[in-house]
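Worksheet: one structure, shown below.
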Amino acid sequence: MLRIHQSVSAAEAKSYYTQSLGHADYYVQGQEIAGHWHGALAARLGLSGPVTREAFHALCDNRDPSTGRTLTARQKDDRRPGYDLTFSAPKSVALLYAMTNDARILAAFDAASNATMHEIEAEMRTRVRRSGQDTDRVTGNAVYADFTHFTTRPVDGQPDPDLHRHYYLFNVTWDPVEQRYKAAQLGDIKRDAGYFEAAFHARLAAGLSALGFRIERHGEKWWDVAGIPREMIERFSRRSAEIQAKAAALGITDPDAKGALGARTRQGKDTSFGLEELRGLWGARMSMKERLQLEAVVRAAAVGERSPPIGERVTPATAMDFALAHAFERASVTSEKQLLASALWRGCGVALPEQLLAELARPEMIAREVEGRRLVTTRAVMAQEQAMIAYAREGRGMCAMLGTGRHAFQDTRLNAQQRAAVEHLLTSRDQVIAVRGGAGTGKSTLLKEAVAGIEEGGCQVGLFAPTAAAVDVLKSDGFQEAATVQRLLVDPELQAAMRGGVILIDEAGLVGVPTMARVFRIAEAVGARVILSGDTRQHTAVERGDAMRLLERSAGLPVAEVQTILRQTKIEYRDAVAAVARGDAAGGLARLDALGWVTEGDTITRNEALVRDYLAAISVGKTALIVAPTHREGEAATRLVREALQATGRLGSEERTVSALRDLRFTEAEKADPYRYQPGMVVEFHQHARAIKSGTRLRVTRIDDLGRVVAVDEHGRAHALPLDTPGRFTVYQPHALALALGDLVRITRNTTSLDGHKLARGNVYRLVGFTKTGDLRIEAGREEWCVSADHGHLTHGYVATSYAAQGRTVDQVFLLQTAQSLPATFAEQFYVSLSRGRERARIYTDDRQGLLAAVARSSQRGSATELLEGQLDRDSLKPRAAARRRQQARTQRYAAYLEEQLGDVTADSDGSRRGRDVSART
């Protein structure tokens with residue numbers, strides 16, 4: 001693990017040194033491993049050898065330890081003296097070293113941590129502001145001190161083994177161009193902490209493998225020395241368990257907050273134990289079998305010169321293959337550091353950073369430096385984006401109008417913007433037509449009018465949406481034949497039914513580039529037009545690429561925009577949503593503040609207000625929803641609300657527990673990696689895979705020595721997961737869900753009730769009872785439906801993330817936006833959350849300024865096209881000639897279609913038509 005903590009003041013840094021870093025180790029009496037100076041800047045300052053209190057404190061005060069002179073020119077009161085970077089070995093490694101005192105293990109740890117710090121130093125930067133500049137310059141020098149510790153803080157008076165090293169990195173560097181000391185730009189180091197953590201672990205695992213120890217990966221980002229029992233590792237992790245339990249009780253999920261919690265709750269160091277005494281105490285906590293297992297690990301390591309990781313067949317090349325597949329499933333652009341981190345974890349013990357750097361030179365990789373950061377994409381990603389853009393661009397002006405002429409509006413309630421959007425859809429001659437509408441602007445109403453006008457012109461319209469919940473909204477608006485986009489992609493009969501028609505996609509902002517490209521291919525094959533209706537300011541697709549935004553920006557599509565908000569009934573509320581939609585989060589928050597709808601306070605004050613306001617809303621029959629940025633914070637809020645409902649008698653006091661499934665959201669690359677699986681995970685198949693039928697559930701039991709994931713079905717039969725077909729199943733983590741009569745339950749995956757009713761993902765029902773067999777009876781309007789207790793795809797329905805809430809409308813919405821959730825808070829998340837309510841939206845926070853900063857950020861992802869805008873020719877991606885050829889071919893096909901289908905209508909060479917006014921498509 002790599003934990004980074006920034007000191008907020010010189011006083012804090014000095015206190016940290018005095019109380020923690022500068023002490024003798026927790027148990028090494030008379031054998032202190034003193035801190036030492038490192039870095040090119042340390043040599044420049046004349047610092048070498050052991051760290052002294054005086055020199056450390058001088059640097060905290062921004063002074064040269066030798067001369068006492070101020071180092072950097074700016075001596076601000078709020079100057080932050082530096083970062084504490086803590087590298088921790090896996091617990092199995094700490095146990096091995098503690099019980100064997102094998103100097104080679106410590107040497108491998110030294111080499112891994114020192115090499116990673118040298119890499120960090122090489123990337124040190126400083127800000128350049130002279131001559132009107134505002135950039136960063138690489139200096140490549142730093143001063144830092146290391147402090148090695150071997151145990152945890154005591155728990156119940158006794159520490160556990162814990163090999164870790166603190167590097168205190170000071171906020172100063174030497175600018176060789178300006179020839180002076182300056183403050184360092186340390187933010188990039190924290191941003192890239194994930195890479196440096198992966199690099200450290202890759203080096204340490206490789207070092208131990210070279211000593212003969214077998215490396216066993218488990219989970220996403222961890223590994224251990226094989227042969228050391230998991231139970232023993234957990235028994236000697238009491239300090240971590242103590243912090244986790246305290247964090248859970250307080251609802252703390254953020255890693256930095258947990259680190260601060262650990263500092264507040266730790267017991268003082270205890271140096272009353274000697275090393276041999278501690279070894280005796282630790283040995284007494286092990287069973288005879290565990291001691292023998294530990295000895296066997298040591299003996300096995302002594303036999304071979306190098307031991308490969310268990311079951312692995314990974315090379316640096318295959319590790320990079322994994323990283324590329326994983327990264328570009330959900331992003332069009334990523335950073336080199338993120339790509340390397342992913343590859344390092346996949347090849348932990350086999351692939352080193354130096355080897356993987358060579359893999360970045362692959363021909364399919366395209367890289368560009370943006371503000372000092374190397375960003376990468378691939379030629380395949382770029383080609384798919386360009387094909388999608390070209391289809392829309394080349395279809396401009398190529399088609400007939402969808403309407404029959406001047407449209408006679410049937411719905412007289414439409415406002416001017418809605419009417420203009422309808423006219424745009426009916427009169428456009430483009431192959432792809434777009435209408436953008438913000439949350440609550442009445443897009444569904446104008447679509448009804450547009451569909452009526454299109455059908456009046458003799459053209460069939462098929463309505464689709466990217467999610468089942470959005471399809472349900474379309475059906476409730478009268479479009480009973482609406483279906484998901486995914487069904488369109490896989491159903492040949494549905495595709496054939498769209499021949500010569502219009503494919504209308506609602507909530508198109510949730511469609512990614514791969515899906516949109518497939519829709520366009522289908523449209524071209526069946527001669528259909530495409531209408532996109534959505535909002536690029538709301539959440540985007542899970543899969544790679546923000547397709548609608550990219551089409552708007554790069555294909556030159558004219559877009560009709562509907563901005564007038566109709567959902568909010570209170571003018572001040574409506575104005576607040578409109579301000580946030582414009583990007584003025586501060587103005588929107590100020591309007592809500594003026595209404596008294598913003599509560600800022602500590603945890604107790606905030607939670608009490610949230611629960612009080614929620615109960616007040618539902619007690620008068622209002623529909624209400626709490627929106628939280630993260631699942632963990634949402635679960636904490638759910639717990640509070642349910643306790644209050646039970647206390648007031650609105651919820652049954654007796655609870656039953658059912659097993660629920662939480663989607664782990666593995667990419668296909670992750671699903672193909674056997675070491676992402678842990679015993680107890682549930683795998684559910686949605687397509688046949690070899691001898692495993694669709695609908696089958698398997699429970700993971702183990703990973704064998706060949707790297708196969710073994711899972712059992714409901715009859716106890718063992719299966720090896722078909723990891724080569726990862727697109728056919730989903731991986732879940734089971735957890736217990738407590739339910740009581742009156743609970744709101746939300747469906748998390750499309751299913752069918754036991755009595756044949758369709759249950760769509762996102763729908764919320766009230767639990768009204770249980771059957772004799774333990775199945776759930778839910779209230780659906782005036783009916784009661786029955787849901788299997790083994791269904792698994794459900795959760796409490798009081799709180800949702802903003803992504804799950806998109807498309808929903810309630811009377812009152814309550815936003816939980818605390819400091820813990822700020823990393824998951826963005827402009828789009830805040831806008832979606834705030835706009836869910838009709839009558840009221842209340843916000844609960846403990847950090848108003850942090851919230852304002854967070855909602856100023858966008859979660860929109862960059863595209864390959866945007867990354868390389870203006871460099872397509874240079875990178876041998878030249879779509880222009882091919883685009884012209886495709887346009888000519890499409891024009892010819894269009895003319896042939898007119899001649900074949902219409903007979904008495906002729907087409908000009910530019911694709912326009914003469915003759916009777918009927919709808920025609922390419």
Side-chain angles (χ1 to χ4, degrees), residues 1-2 24-28 31-36 86-118 146-152 159-167 197-218 222-230 232-237 239-240 273-283 285-286 290-310 344 348-350 352:
M1 184 176 71
L2 170 60
D25 192 69
Y26 303 165
Y27 64 74
V28 187
Q31 302 177 40
E32 176 180 355
I33 296 181
H36 283 80
T86 306
F87 292 89
S88 298
K91 182 64 70 173
S92 58
V93 178
L95 274 167
L96 268 177
Y97 180 71
M99 299 307 292
T100 65
N101 201 28
D102 187 339
R104 299 176 306 157
I105 296 175
L106 184 59
F109 177 78
D110 289 344
S113 55
N114 285 333
T116 306
M117 280 304 300
H118 287 318
D146 71 356
F147 304 89
T148 305
H149 295 153
F150 300 89
T151 67
T152 65
D160 287 335
D162 183 27
L163 177 58
H164 61 284
R165 175 170 294 161
H166 298 269
Y167 288 96
E197 179 183 30
F200 161 71
H201 280 285
R203 291 173 172 130
L204 178 57
L208 291 173
S209 180
L211 296 177
F213 294 104
R214 301 176 73 197
I215 303 303
E216 183 177 46
R217 287 181 53 235
H218 52 82
W222 207 243
W223 60 277
D224 273 302
V225 174
I228 298 179
R230 171 57 46 189
M232 184 165 68
I233 290 174
E234 292 175 354
R235 190 180 315 124
F236 285 92
S237 303
R239 178 63 181 153
S240 294
F273 295 105
L275 175 57
E276 293 305 319
E277 184 180 4
L278 271 177
R279 280 186 183 149
L281 291 171
W282 292 333
R285 290 166 55 192
M286 301 178 189
E290 289 172 338
R291 289 196 291 272
L292 292 175
Q293 287 173 312
L294 198 62
E295 292 173 4
V297 169
V298 175
R299 285 198 305 272
V303 173
E305 292 182 357
R306 185 177 181 91
S307 181
I310 292 179
L344 286 168
C348 196
V350 175
L352 291 171

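We count residues from 1, following the sequence as given. These numbers were taken from a predicted model, which means no experiment stands behind them.
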4.5 Å side-chain heavy-atom contact, [X] and [Y]:
X: T151; Y: W282; result: yes
X: R235; Y: E290; result: yes
X: M99; Y: P161; result: no
X: I228; Y: F213; result: no

Test side chain to side chain donor-acceptor pair (under 3.5 Å) applied to T86 - qualifying residues, sequence neighbours left out: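 Partners of T86 under the side chain to side chain donor-acceptor pair (under 3.5 Å) test: D84, H166.
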From [atom1] ([X]) to [atom2] ([Y]), nearest 0.5 Å:
X: H118; Y: N114; atom1: NE2; atom2: CG; answer: 5.5 Å
X: D160; Y: L281; atom1: CG; atom2: CG; answer: 10.5 Å
X: K91; Y: S237; atom1: NZ; atom2: OG; answer: 4.5 Å
X: R214; Y: S209; atom1: CZ; atom2: OG; answer: 10.5 Å
X: D162; Y: F236; atom1: CG; atom2: CZ; answer: 13.0 Å
X: H218; Y: W223; atom1: NE2; atom2: CH2; answer: 9.5 Å

[X]: salt bridge (charged side-chain N to carboxylate O under 4.0 Å, His left out) partners, not counting sequence neighbours:
X: R203; answer: E119, E354
X: E197; answer: none
X: R104; answer: D102
X: D146; answer: none

A89: which residues meet the side-chain contact (heavy atoms from CB on, under 4.5 Å) condition with it, sequence neighbours left out?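 Partners of A89 under the side-chain contact (heavy atoms from CB on, under 4.5 Å) test: V93, F109, L163, L204.
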Counterpart residues, side-chain contact (heavy atoms from CB on, under 4.5 Å), relative to R291 (two or more places apart):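 R291 satisfies side-chain contact (heavy atoms from CB on, under 4.5 Å) with M286, M288 only.
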Would you please name every residue forming a ring-ring contact (aromatic ring centres under 6.0 Å, His included) with F87, sequence neighbours left out?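 By the ring-ring contact (aromatic ring centres under 6.0 Å, His included) rule, F87 matches Y167, F200.
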Heavy-atom pair with the smallest gap, counting every atom of S92 and I233: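 So the two residues come closest at CB-CD1, 4.0 Å.
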List the steps and the verdict of salt bridge (Lys or Arg N to Asp or Glu O under 4.0 Å) for D224 and R230. CA-CA 9 Å; D224 273 302; R230 171 57 46 189; 2.9 Å; yes
Side chain to side chain contact (heavy atoms under 4.5 Å, CB included) between T152 and H164, worked out: CA-CA 9 Å; T152 65; H164 61 284; over 6 Å; no
